[in-house]
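The structure appears right after this line, and notes come after that.
Not measured: the values here are computed from a predicted model.
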2 protein chains.
Amino acid sequence: MGQPNDGLKDITIIDIAQEAGVSYSMVSRVVNNKEHVKPEKRERVLQAMARLGYVANQQARSLAGGRSNVIGLLVRDLTTGYTGEIIRGIDLELTAQQYDLMLYTTHNRKTREMVHVTSIVRGLADGLLIILPTQPESYINTLRQRNYPFVLIDYQGQDTEDLTVVSANQQGAYQAMQYLIEAGHRRIGFITGTLETSAGTERLAGYKVALANYGLPIDPTLIQGGDFLQPSGYQGAQKLLDLEVPPSVIFASNDVQAFGVMEAVRDRGLRIPQDMSIVGFDDIPQATQVHPPLTTIQQPLEDMGRVATRLLIQRLQDPHVSLASVVLSTKLVIRQSSGLFI
Amino acid sequence: MGQPNDGLKDITIIDIAQEAGVSYSMVSRVVNNKEHVKPEKRERVLQAMARLGYVANQQARSLAGGRSNVIGLLVRDLTTGYTGEIIRGIDLELTAQQYDLMLYTTHNRKTREMVHVTSIVRGLADGLLIILPTQPESYINTLRQRNYPFVLIDYQGQDTEDLTVVSANQQGAYQAMQYLIEAGHRRIGFITGTLETSAGTERLAGYKVALANYGLPIDPTLIQGGDFLQPSGYQGAQKLLDLEVPPSVIFASNDVQAFGVMEAVRDRGLRIPQDMSIVGFDDIPQATQVHPPLTTIQQPLEDMGRVATRLLIQRLQDPHVSLASVVLSTKLVIRQSSGLFI
DNA sequence: TATACTTTTGCAAACGCTTGCAAAAAAATG
DNA sequence: CATTTTTTTGCAAGCGTTTGCAAAAGTATA
């Protein structure tokens, strides 16, 4: 803690011990709900705590080998809404379980990720949640080696030992494609996400598999590279619109990217969905707020956060309990940004 | 830290001391950049640290009276975009200064705020940033008493001792009104924010003062109560549209609320801005993404975060330095959601 | 009632660091 | 070169906990 705090002295377990007339280790046992405490003394301690307003000192606690009741969250950035939704779920669950949250942003810089991870591992978090890491391998190895508890959100690594919470990305993309193809679309443009993420590759896979299954050709010119951010949607759409035969629909790898697509389409004076259908992925809150509202694949983002947090806490409470990774299913949400191809 | 970490032992200052052939207090001095260290030894220690990959243990550090290099952020929730922008600024500055961020969400529950504050004060944060608290007085007193360093963001308390960073809310609302009135609007609807916040009351004040200055009447039926959230925009707009003589423009207390207004207006089949102009406040990223793009007052949200963080860190580094609260100016951004009244 | 368990309690060490103070070394002074 | 002054160094105590271990108290058994 900082140096201020002139005045009021902190209440420690020693004060409580004195007040309750027991030894300080008894107080510690009560605080941590350990066994071997006479109910009567437990009561006395509890009362003393209430009377003096005791609040445990987390650093001392974790220094001494206990838990800090803090979990770390490693995240790329906070501004896309996508992250916000997941964090909302994490926060909900964390609050319910009396944990605090330490937030680390990487800004997509590899070195920062590494630095963060070492300091987290040495630091005050009991465990770590990681959202959509781009190249996690480097630091995930550190975590594994040290046997440090972590859960990956929205990333399907290859190591099945890791706990992960993902949504059915490929299946979701497939659903969207199914809908579009059955609505008569034949030339479907696709803008990829970051292909270093599994979310990125799986959505692309869903796109391709659907085309294959319906006997449609995979036209590489219809697939534009992107990175899940709005500008990549704008640029990708530009390129697709410049094709000799532009597609009748653009399927973006996420909603934010789809907003970029909308912008580009409107900049050309085209109408949505009459001239161009647009489909996104994620169903972030803004998807309903844009005009026209965006057809998209709903990912249960908040649930992902909740589930991941619950997994992590379970692991913390019993490191040997066997837990399985979770795949949450997605849902097609049809709004006004897409229509039939006539 | 959690109990795992079988295997690799942590590197402590003692290891470094051994490696560098000095005492461990020397290592501590080097790490903390204290004076009275021979350059040559400093070098030796630095090299040993690099070689062994030393990372300080924050809990031990702060337990021993040093700083934790963590700052706390107390925030209502994360989902409105508004908060996200501010946090982005905070994060930028924090990263630059090598601080970590502990995030506390209150969900607007008073008791939680109080609990958090006591645990923060006893806890691991060196200082605290507080965004837009509804009724901060209760816990702010605790902070003041303990002389705990904090900065209020977007809240203008009455106690001038407190460090605050706000934007010129009243002036901003006035700017918007000026623009609207000069564009020919005479009946201007207003939906308030949470009036327990200074942002809420000041924007309302700007609305009223502008009307007064231009000699226009203040019609209470044109002012609807709200709370900065989207539904309140929707409902407020409904009521304004139900008036015998509806306004020609609705001025919402923030962008999110304005999105609700847009929804309501569109639901009635009215066109924006031909039938109804809409103006928001904040200029969050989505303001450009909605259709039509929203005319709004730009608050330098990211800057607010940055500036507040900088203030806090300065205070931490020198508790006696005299710092002044900051008022950042706002800017009218005219987009397509508003037009002339003909 | 003596003996052997079992539960409850308290002591002390440890966690990794900061820092005041005194000792040692180096530099400056006469 | 001896002495004083200044800089550099190391020791030890302390921060507030947790926890293994041994002592104390309580309970059951013979």
Could you tell me the separation between the [atom1] atom of [X] and the [atom2] atom of [N], rounded to a whole number of Å?
X: A:His36; N: D:dG26; atom1: NE2; atom2: P; answer: 17 Å
X: A:Leu63; N: D:dT18; atom1: CG; atom2: P; answer: 11 Å
X: A:Tyr54; N: D:dG16; atom1: OH; atom2: C1'; answer: 7 Å
X: A:Ile14; N: D:dT18; atom1: CD1; atom2: P; answer: 12 Å
X: B:Gln58; N: C:dC15; atom1: CD; atom2: C1'; answer: 15 Å
X: A:Asn57; N: C:dC17; atom1: CG; atom2: P; answer: 16 Å
X: A:Glu35; N: C:dT6; atom1: CD; atom2: C1'; answer: 13 Å
X: A:Met26; N: D:dT19; atom1: CE; atom2: P; answer: 13 Å

*Under 4.0 angstrom between B:Arg61 side-chain N/O and C:dG16 OP1 or OP2*: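 Indeed not, no polar side-chain atom of B:Arg61 lies that close.
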Would you say C:dG10 has OP1 or OP2 under 4.0 Å from some side-chain N or O of A:Ser23?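 Result: yes.
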Judged by atom type as modelled, is there a donor-acceptor pair below 3.5 Å linking the side chain of [X] to the main-chain atoms of [Y]?
X: B:Arg315; Y: B:Phe150; answer: no
X: B:Asp126; Y: B:Asn69; answer: yes
X: B:Arg76; Y: B:Thr106; answer: no

Base, sugar-phosphate, or nothing for B:Val31, non-hydrogen atoms under 4.0 angstrom?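 The answer is nothing, as B:Val31 stays clear of every strand by at least 4.0 Å.
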Closer than 4.0 angstrom, basic N to acidic O: yes or no for A:Arg144 and A:Glu161?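 No salt bridge links A:Arg144 with A:Glu161.
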message: With heavy-atom distances below 4.5 Å as the criterion, would you say the side chains of A:Ile13 and A:Asn57 are in contact?
response: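 Side-chain contact under 4.5 Å: no.
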> Are B:Gln59 and A:Ser62 linked by a side-chain donor-acceptor pair shorter than 3.5 Å?
Replying inline: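 Looking only at side-chain atoms, A:Ser62 and B:Gln59 do form a donor-acceptor pair, the distance falling under 3.5 Å.
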Protein-nucleotides 19-27 of chain C N/O pairs under 3.5 Å:
| residue | atom | partner | partner atom | Å |
| --- | --- | --- | --- | --- |
| C:dT19 | OP2 | B:Lys34 | NZ | 2.7 |
| C:dG20 | O6 | B:Arg29 | NH2 | 3.0 |

For B:Leu328, the option from B:Val166, B:Asp154, B:Asp303 that meets side-chain contact (heavy atoms from CB on, under 4.5 Å):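 Answer to the side-chain contact (heavy atoms from CB on, under 4.5 Å) test with B:Leu328 among B:Val166, B:Asp154, B:Asp303: B:Asp303.
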